[in-house]
J.: 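Pasting in a structure now, in structure tokens, and then I'll have a few things to ask.
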Amino acid sequence: MLQDVLAKEQVVNCAEKIKDLLAPDNEKDRILVNKGLLLYRQGNVYNVNVEEDVVNARVQDVTPFDVSLDMDFIQFSECTCTAERFCRHQLAVFFSVYAAVDRVGSFLEEWKRSRTKSVENIAIRTPNTKIIAKYEEKSIASWIDFFEKEYTSFLQQRTHDDNYFFASLYHRYYANLKSEAPTQLELKRLFTMHAGLTTMAKMNEHLIDISMSSYGMDNYVTPYIHHLVDDIIEQAELLGNVTLPFIFDSLLQESIEKVHTLFIPINHFKYDRMTVYRVIWSKLLQKKQWVDIERSWLQTRLDERENADAKADLYVIALAHMEFLDKNDKDAISLYSQLDDPAALPYSFTWLIQLADKKAWARMDPWVNDMLTKLDKYIASSHSYDQSRTMTRKILHLLTEYSSESNKDDKYVEAMEKLLPYSYYEYDDYLYTHEQYKKWVDLQILVGFAVDEHDRYTLKEIEEKDREVLLPYYHYSIMKLVKLKNRQSYKQAIKFLKKLRAHYRKLKRENDWNIYINKLATSNKRLRAFQEELRKGKLLHE
């Protein structure tokens with residue numbers, strides 16, 4: 001029972017923190033509380049368990065979500081849903097915990113009464129009272145100054161647990177900055193993009209000063225970096241999809257320096273940072289004069305780092321992107337290829353995606369050709385199966401529409417062949433649906449699949465259209481079973497041999513069958529059990 005593992009005082013303290021977190025006079029908070037309450041009352045909270053001071057549970061909403069409710073530090077609570085702040089699923093779990101020590105209705109009554117207290121604490125503003133602005137709405141420099149002041153305040157209030165620093169930075173600092181964004185829509189989006197860039201920079205700067213295991217990175221850092229990447233890209237794309245007022249020219253030009261914070265010299269999240277950099281430039285900063293200035297700046301940085309210890313690859317990718325924006329694809333590919341590292345291949349995906357979105361199939365040609373020349377080394381480099389499989393899906397997805405629209409099916413096929421065995425499922429389907437049955441059989445033998453690993457409908461269709469291509473597949477499957485040297489595998493081999501004999505007869509190749517079966521029996525004459533099964537199956541001396 002929860003009351004046996006959680007002290008009432010601890011639950012009450014947690015309740016007080018939630019009261020401070022959610023305001024009853026805020027419509028969004030009221031709706032949030034009502035949704036959490038509904039989930040709790042419908043019995044949608046289950047698998048509740050407590051580990052130290054964290055309550056773990058699953059909440060059934062439209063789909064199930066996993067919640068970790070930190071009773072001591074509520075801001076560090078987590079949920080697998082996409083909400084950026086304290087969510088209804090966390091509230092549902094809290095209500096199930098609170099119900100173990102007191103009536104949930106009592107909590108709600110106290111929470112609603114807290115409105116009066118909060119109103120009393122608000123200073124009354126007369127018509128002549130001036131509101132002191134926290135920043136100038138149309139000044140990037142003023143925004144950054146505000147971000148820095150808020151960061152100083154954040155540091156003064158934070159705990160010293162490095163594991164939770166990144167979660168706190170995202171859920172408290174970044175969320176607070178977003179809540180202070182201007183009300184004008186385009187300004188709000190640009191402000192939020194800068195808030196995300198600043199928060200990401202703070203995370204990366206903190207990584208310089210600490211040492212963290214791969215487990216720690218995966219669980220305490222990476223999720224929040226990825227959230228920020230998604231947020232920044234979303235804001236940049238939304239801004240890039242509308243015609244911005246003239247005043248934004250100066251704001252965007254002022255933004256360029258802040259985008260340079262992505263070049264912090266650490267090895268973590270390089271691909272993510274370059275994705276953000278390239279999307280911002282592609283969506284917001286494409287003016288010819290800005291691209292030329294950036295190219296010069298990048299080349300200078302690159303020259304400075306040519307013989308230095310600091311990694312220069314990000315500057316190479318960024319410089320290649322400037323050439324890409326100027327449609328100098330040959331120069332862009334030449335620059336990017338200087339890295340001569342199989343792991344650099346995914347950098348090209350951003351360019352391929354942008355060209356595919358624009359349906360610029362002709363421009364994609366050199367990029368696709370370059371990618372195909374690099375696939376062998378990429379697949380041969382050390383990756384887990386899951387990583388290679390994920391990358392294979394991305395590559396083939398990129399090539400699907402390109403090959404169809406540009407009538408270059410051979411490029412898609414070449415990619416599938418180079419990506420084997422990770423592309424097996426796509427290549428298998430392609431060969432089968434295009435009735436290239438001989439290649440289909442070769443593929444099965446290559447990856448080691450026996451005849452009985454396919455449904456009979458697939459084999460039946462091939463039999464009807466091109467029975468002869470199946471003969472080598474049965475030969476391979478039979479030999480594979482015989483090599484196992486056990487009675488059960490011999491029995492299965494006999495079943496395959498009988499099917500194979502039927503194929504030879506249908507093809508009127510009985511003489512070839514007799515030669516094959518006699519050779520098989522002779523070459524395995526020392527396998528007495530196999531010889532017995534051959535005789536039982538009446539496959540000898542016919």
J.: Around Asp209, counting heavy atoms of other residues, nucleotides and ligands shown, do more than 12 lie under 6.0 Å from its CG?
T.: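 Buried by this count: over 12 neighbours within 6.0 Å.
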J.: Check whether any side-chain heavy atom of Glu294 lies under 4.5 Å from a side-chain heavy atom of Leu285, and answer yes or no.
T.: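 Answer no - side chains too far apart.
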J.: For Tyr224 and His171, take the angle between the two ring planes, folded into 0 to 90°, and tell me which bin it lands in: parallel under 30, tilted 30 to 60, perpendicular over 60.
T.: perpendicular
J.: I want to check something: taking the side chain as every heavy atom from C-beta on, are Lys499 and Val451 in contact at a cut-off of under 4.5 Å?
T.: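 SC-SC contact between Lys499 and Val451 ruled out.
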J.: I'd like to check Arg467 versus Lys506 (side-chain heavy atoms, cut-off strictly below 4.5 Å). Are they in contact?
T.: yes
J.: Evaluate whether atom CD of Glu453 has more than 12 neighbouring non-hydrogen atoms of other residues, nucleotides or ligands under 6.0 angstrom away.
T.: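 Counting neighbours around CD of Glu453, more than 12 heavy atoms of other residues, nucleotides or ligands fall under 6.0 Å, so yes.
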J.: Measure the spacing between NE2 of His321 and CH2 of Trp281 and express it to the nearest 0.5 Å.
T.: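 If I round to the nearest 0.5 Å, the distance is 8.5 Å.
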J.: Please name all residues satisfying side-chain contact (heavy atoms from CB on, under 4.5 Å) with Val54, sequence neighbours left out, ordered by chain then number.
T.: Asn56, Ser68, Asp70
J.: Which heavy atom in Ile232 sits nearest to a heavy atom in Leu197, and how many Å separate them?
T.: CD1-N, 3.6 Å
J.: Output all residues satisfying salt bridge (Lys or Arg N to Asp or Glu O under 4.0 Å) with Asp512, sequence neighbours left out; order by chain, then residue number.
T.: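 Arg509.
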J.: Please evaluate residues Glu533 and Arg487 with respect to the criterion salt bridge (charged side-chain N to carboxylate O under 4.0 Å, His left out), reporting the C-alpha separation (whole Å), side-chain torsions for both, the decisive distance (0.1 Å), and the verdict.
T.: CA-CA 8 Å; Glu533 294 300 327; Arg487 182 72 69 169; 2.9 Å; yes
J.: Could you give the distance from CZ (Arg301) to CG (Leu319), rounded to the nearest 0.5 Å?
T.: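 The distance works out to 12.0 Å.
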J.: Check whether more than 12 heavy atoms from other residues, nucleotides or ligands sit under 6.0 Å from atom OH of Tyr46, and answer yes or no.
T.: yes
J.: Taking the side chain as every heavy atom from C-beta outward, state whether Leu497 and Leu534 have any pair of such atoms under 4.5 Å apart.
T.: yes
J.: Among all residues two or more places apart in sequence or in another chain, which pass the side-chain hydrogen bond (donor to acceptor under 3.5 Å, both in side chains) test with Tyr432?
T.: Glu461
J.: Can the positive tip of Arg505 be found less than 6.0 Å from the middle of the six-membered ring of Trp513, inside 45° of the ring normal?
T.: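 Here Arg505 fails the 6.0 Å and 45° test against Trp513.
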J.: What pairs with Tyr40 under ring pair (Phe, Tyr, Trp, His ring centres under 6.0 Å), at least two apart in sequence or on another chain?
T.: none
J.: With a 6.0 Å cut-off (strictly less than), is the heavy-atom count around NE2 of His434, excluding the residue itself, greater than 12?
T.: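 Buried by this count: over 12 neighbours within 6.0 Å.
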J.: Output the distance between atom CD1 (Ile317) and atom OH (Tyr277), rounded to the nearest 0.5 Å.
T.: 11.0 Å
J.: Please determine whether salt bridge (charged side-chain N to carboxylate O under 4.0 Å, His left out) holds for the pair Lys288 and Asp326, giving the CA-CA distance in whole Å, both sets of side-chain angles, and the decisive distance to 0.1 Å.
T.: CA-CA 8 Å; Lys288 174 65 176 172; Asp326 273 348; 3.1 Å; yes
J.: May I have all residue pairs that pass salt bridge (Lys or Arg N to Asp or Glu O under 4.0 Å) and include part of residues 432-448, sequence neighbours excluded?
T.: Glu435-Lys465, Lys438-Asp442
J.: Salt bridge or not between Arg189 and Glu234? Use side-chain N to carboxylate O under 4.0 Å.
T.: no
J.: Between His89 and Val59, which heavy-atom pair has the shortest distance, and what is it?
T.: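 Closest approach of His89 to Val59: O-CG2, 3.7 Å.
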J.: Should Asp313 and Met274 count as side-chain neighbours, where that means a heavy-atom distance under 4.5 Å?
T.: no
J.: Look at the aromatic rings of Phe324 and Trp367 and report parallel, tilted or perpendicular, splitting at 30° and 60°.
T.: perpendicular
J.: I need the minimum non-hydrogen distance between Val67 and Cys79, along with the two atoms involved.
T.: CG2-SG, 3.8 Å
J.: Answer yes or no: is there a side-chain heavy-atom contact under 4.5 Å between Gln531 and Leu527?
T.: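 Gln531 vs Leu527: side chains apart.
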J.: Counting only heavy atoms not in Tyr385, do more than 12 sit closer than 6.0 Å to its OH atom?
T.: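 Counting other residues, nucleotides and ligands, OH of Tyr385 exceeds 12 neighbours.
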J.: Report the C-alpha separation of Ile225 and Arg273 in whole Å, then their side-chain angles, then the decisive distance to 0.1 Å, and conclude whether the side chain to side chain contact (heavy atoms under 4.5 Å, CB included) test is met.
T.: CA-CA 9 Å; Ile225 289 288; Arg273 288 184 278 139; over 6 Å; no
J.: For Gly537 versus Lys498, what's the shortest heavy-atom pair and its separation?
T.: O-CE, 3.6 Å
J.: Can you name the closest pair of heavy atoms from Leu284 and Ala236 and give their distance?
T.: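 So the minimum-distance heavy-atom pair works out to CD2-O, 3.8 Å.
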J.: Could you tell me the separation between the OG atom of Ser423 and the CG atom of Leu443, rounded to the nearest 0.5 Å?
T.: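 Rounded to the nearest 0.5 Å, the OG-CG separation comes to 8.0 Å.
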J.: Taking the six-membered ring for Trp, are Tyr430 and Tyr427 parallel (under 30°), tilted (30 to 60°) or perpendicular (over 60°)?
T.: parallel
J.: Within 45° of the axis and under 6.0 Å from the centre of the six-membered ring of Tyr474, does NZ or CZ of Arg501 qualify?
T.: no
J.: So Met391 and Tyr378, do their side chains get closer than 4.5 Å, heavy atoms only?
T.: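 Result yes, sub-4.5 Å side-chain heavy-atom pair found.
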J.: Does atom NZ of Lys377 have more than 12 heavy-atom neighbours, drawn from other residues, nucleotides or ligands, at distances under 6.0 Å?
T.: no
J.: So Glu401 and Tyr412, side-chain hydrogen bond (donor to acceptor under 3.5 Å, both in side chains) or not? Walk me through it.
T.: CA-CA 10 Å; Glu401 190 177 8; Tyr412 184 67; over 6 Å; no
J.: Looking only at side-chain N and O atoms, does Asp341 offer a donor or acceptor that is under 3.5 Å from a partner on Tyr347?
T.: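 There is no such pair (donor and acceptor under 3.5 Å, judged by atom type) between the side chains of Tyr347 and Asp341.
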J.: How long is the gap from CG on Asp386 to OH on Tyr422, to the nearest 0.5 Å?
T.: 10.5 Å
J.: Any side-chain heavy atom of Met416 sitting closer than 4.5 Å to one from Leu399?
T.: no
J.: In terms of the angle between their ring planes, are Tyr473 and Trp440 parallel, tilted or perpendicular, with boundaries placed at 30° and 60°?
T.: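 Judged by the thresholds at 30° and 60°, the geometry between Tyr473 and Trp440 is perpendicular.
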J.: Can you name the nearest heavy-atom pair linking Gln60 to Leu39, along with the distance?
T.: O-CD2, 3.7 Å
J.: Mind jotting down which residue pairs meet the salt bridge (Lys or Arg N to Asp or Glu O under 4.0 Å) criterion with at least one end in residues 420-433? Sequence neighbours excluded, please.
T.: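 Sorted result for residues 420-433: Arg389-Glu426.
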J.: List the steps, then state whether salt bridge (charged side-chain N to carboxylate O under 4.0 Å, His left out) holds for Arg88 with Asp61.
T.: CA-CA 10 Å; Arg88 61 181 181 270; Asp61 203 335; 2.8 Å; yes
J.: If you round to the nearest 0.5 Å, how far is OH of Tyr271 from CG of Leu314?
T.: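 Reported to 0.5 Å precision, the distance equals 13.0 Å.
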